[in-house]
Amino acid sequence: MSDKITLSFPDGSSRDYKTGVTGATVAKSISEGLARNALAVGVNGEVRDLSRPITQDADIRIFTWNDAEGKNTYWHSSAHLMAEALEALYPGVKFGIGPPIDHGFYYDVDLGDRTIGQDDLAAIENKMMELAKQDSSFERREVPKQEALDYFTKKGDELKLELIDELEDGTITFYSQGDFTDLCRGPHVPSTKNIKYAKLLNIAGAYWRGDEKRAQLTRLYGITFPKKKELDEFLEMRELAKQRDHRKLGKELELFMFSPMVGPGLPLWLPKGATLRETLVNFLKDEQLKRGYQPVVTPHIAKLELFKTSGHYPYYSDSQFPPMFEGEDKGYLLKPMNCPHHTQIYGYRPRSYRELPVRLAEFGQVYRYEQSGELGGLTRVRGFTVDDAHIFCTHEQVKDEFKDVIDLTLKVFRSLGFDDFTAQISLGDPNDTKKYVGDRDVWETAEQSVREAAAEMNLESKEVVGEAAFYGPKLDFIVKDALGREWQLGTIQLDYNMPEQFDLTYIGEDNQKHRPVMIHRAPFGSLERFIAVLLEHCGGNFPTWLAPVQVAVLPVGQDFEDYADQVTAHLLEAGIRAETDKRNEKVSYKIRAAEIQKIPYMLIVGKREMDEGTVAVRRHGEGDLGAQTTDQFTSAILEEISSAFSQN
């Protein structure tokens, strides 16, 4: 073995180092500042501890707090620090898993007969900071499987023993800091002293391994930062997020509800929420009709054989409701997705190349059996609506169709105020053939088509390997909301495989059968999830065209209710969603109520307005706009609604 290796850096430069050099030494060779801030190192794409030797030529990158990989390493180490604090405060505690998440970390623990409440979190935080100041190194050690089993058998932690049972000998590593040792793949930051400021955020229940039949553990969520200012800013933003929580707003604005009699994860849409949904649906339906989509409707169930043929079963069987059996070998399944149904509509009669592309669209209700611990308002439900469409086209039409779907998705985002977004091209993993169907050559053709379409639409995009659908690559849109949080909204998927599985064909110009290409697309994605994100993005202040109630007509007394009804009837006739507030309350109360409901316009009517045939106009959040005739106001609001679409 040579005593020299060559390390290549992201800027294209390279340097020679002694074999066995560590990431920490490499960082120090670049600058003292980088060495102080380094948290982990990337070696040929693998994130490692800074202390691990590098023994061969490699592409290398030093990760700091400014990198996602650095934050993940920092928060993973913080989960271990919290576990160490828990073990000190609650001897005998047993540990499940403790991963980093998008913002912070959690650890699932079994406390036995003990419980942890919100009042206990401050003591755990203090213990974490006390341990962090001890400057304990995170030390990695490879251990034989039997040694790992012996260690956790002696410790009496059956959760870890179950995890070890599933690992192969020679692949097991322990990490230790201070007096705490855990089963872990890593990586970790160099020392506990890197962790400066901690806040434990929440306590929840979580079933072991996500299985409702297993023991329920206690899940503690936390977050840490290297600077107090960053923690303060996070907590301030978190408080703003609480005020915008779609579950809170959904209740206040009377949009949706959940009933234990109906079941968890199955939302019930109240009249205002149903109006909101229908307005969004009609907006997209109108746009789809302009682009040549044809509406279809499919049933909520289908024979299990349909999903076996498509490949969805058993690929997604863990997240589907159990099949409903009829006899010994026949079964039906609640529809977990719409695409297999649409293949049957395409294939019900012979197709000519002259007909293609065929664009079939449906707002289809689908069902997934999400674990109860993972349900969360509208963002994770068991029954939801997908703005699904499937385009069947020739190979030559793929790029233009894909680009048109990108254009449609961008129009949806712009119309709803989502101006900050990026795109992610999700590719298949060529080394994981069990996860995907179809030939690799076909996959490479599909992946290149997605790249070219995104580039020609000037989309800022990144590529991620291993995140594709099982039948093809996809383009996902990552939207940043008003609070800077990222959400995946909208997806376009290119599929050369499902037409093959269902033997879909069209007759080409050569009078021979050819296989169409299938594009799956959903600009909203899940309508429920989209509305949840939109609610939090705009804080419930919907644009006028989308607001469930656009105008509240507020009579100042009972003597003016008939005139108020006339104004409301005039607005309704013009297609404006209006209602009269006839409650026996002062007009100031009615105004406050309309403001809380975030109704865009309030029209106050009293004796002067009735005598002059006018209305006193107020704008939500702005106040008095003066008097107008009913016709003037109607024209103005219709113009506002119309211009919202013409600008996009």
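In this text, all values refer to a predicted model and were calculated from it rather than measured experimentally.
The shortest side-chain heavy-atom distance between Lys462 and Thr422 does not fall under the 4.5 Å cut-off. Counting heavy atoms from C-beta on, the side chains of Leu534 and Phe524 never come closer than 4.5 Å.
Ring planes of Tyr367 and Phe321: perpendicular class, angle over 60° (limits at 30 and 60°).
The ring pair (Phe, Tyr, Trp, His ring centres under 6.0 Å) contacts involving residues 41-67 comprise Trp65-Tyr74, Trp65-Trp75, Trp65-Phe225, where partners must be two or more places apart or lie in separate chains.
Close placement of the His537 and Phe418 rings is indicated, their centers lying within 6.0 Å of each other. Aromatic pair Trp545/Phe283: ring centres closer than 6.0 Å.
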Step by step, work out the side chain to side chain donor-acceptor pair (under 3.5 Å) result for Asp495 and His520.
-> CA-CA 7 Å; Asp495 184 359; His520 309 241; 2.9 Å; yes
So Thr298 and His341, side chain to side chain donor-acceptor pair (under 3.5 Å) or not? Walk me through it.
-> CA-CA 7 Å; Thr298 61; His341 289 69; 4.8 Å; no
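Arg291 has a carboxylate O that lies under 4.0 Å from a charged side-chain N of Asp404, or vice versa, which qualifies the two as a salt bridge. Between Arg244 and Asp481 there is no salt bridge, since none of the side-chain N atoms of the basic residue sits less than 4.0 Å from a carboxylate O of the acidic one. A salt bridge is defined here as a Lys NZ or Arg NE, NH1 or NH2 lying under 4.0 Å from an Asp or Glu carboxylate O, and Asp476 with Lys474 meets this definition. For Asp419 and Lys480, the salt-bridge test fails: no basic side-chain N is under 4.0 Å from an acidic carboxylate O. Ion pairing between Arg354 and Glu509 fails under the 4.0 Å rule for side-chain N and carboxylate O.
Evaluation of the ring pair (Phe, Tyr, Trp, His ring centres under 6.0 Å) rule for Tyr221 yields Tyr106 as partners, not counting sequence neighbours. The salt bridge (charged side-chain N to carboxylate O under 4.0 Å, His left out) search around Glu500 returns Arg515, not counting sequence neighbours. For Phe502, there are no ring pair (Phe, Tyr, Trp, His ring centres under 6.0 Å) partners, not counting sequence neighbours. Checked against side chain to side chain donor-acceptor pair (under 3.5 Å), Lys403 has the following partners two or more places apart in sequence or in another chain: Glu456. By the ring pair (Phe, Tyr, Trp, His ring centres under 6.0 Å) test, His342 pairs with His390, sequence neighbours left out. Residues passing the ring pair (Phe, Tyr, Trp, His ring centres under 6.0 Å) test with Phe105, sequence neighbours excluded: none. Qualifying side chain to side chain contact (heavy atoms under 4.5 Å, CB included) partners for Lys242, counting only residues two or more places apart in sequence or in other chains: Arg238, Glu239. Applying the side chain to side chain contact (heavy atoms under 4.5 Å, CB included) test to Cys538 and every residue at least two apart in sequence or in another chain returns Phe542. Residues satisfying the side chain to side chain contact (heavy atoms under 4.5 Å, CB included) criterion with Glu46, sequence neighbours excluded, are Arg48, Arg52. Take Asp57 and apply the salt bridge (charged side-chain N to carboxylate O under 4.0 Å, His left out) test, not counting sequence neighbours, and it matches no residue. With sequence neighbours left out, Asp400 forms a salt bridge (charged side-chain N to carboxylate O under 4.0 Å, His left out) with no residue at all.
Shortest non-hydrogen contact noted between Val189 and Phe138 is O-CD1, 3.3 Å. The shortest non-hydrogen separation linking Gly539 to Leu249 is C-CD1, 3.6 Å. In plain terms, the two heavy atoms of Arg185 and Thr173 that are nearest each other are CA-OG1, 3.6 Å. Minimum interatomic distance between Ile62 and Ala38 (heavy atoms only, all atoms of both residues): CG2-CB, 3.6 Å. Taking both residues in full, the closest heavy atoms of Ala423 and Leu475 are given as CB-CD1, 3.8 Å, listed atom of the first, atom of the second, then distance. Smallest separation of non-hydrogen atoms from Tyr175 and His188: CD2-CD2, 3.2 Å.
Side chains of Gln448 and Glu444: a donor-acceptor N/O pair is absent below 3.5 angstrom, by distance only. No side-chain donor from either of Gln365 and His300 sits under 3.5 Å from a side-chain acceptor of the other. A donor and an acceptor atom, one from each side chain of Asp49 and Ser51, are nowhere located under 3.5 Å apart. Judged by distance alone, the side chains of Thr224 and Ser78 do bring a donor and an acceptor atom under 3.5 Å apart.
The cationic group of Arg351 lies under 6.0 Å from the six-membered ring centre of Tyr346 and within 45° of the ring axis, placing it in a cation-pi geometry. A cation-pi arrangement is found for Arg382 relative to Tyr369, the charged atom lying closer than 6.0 Å to the ring centre and inside a 45° cone about the ring normal.
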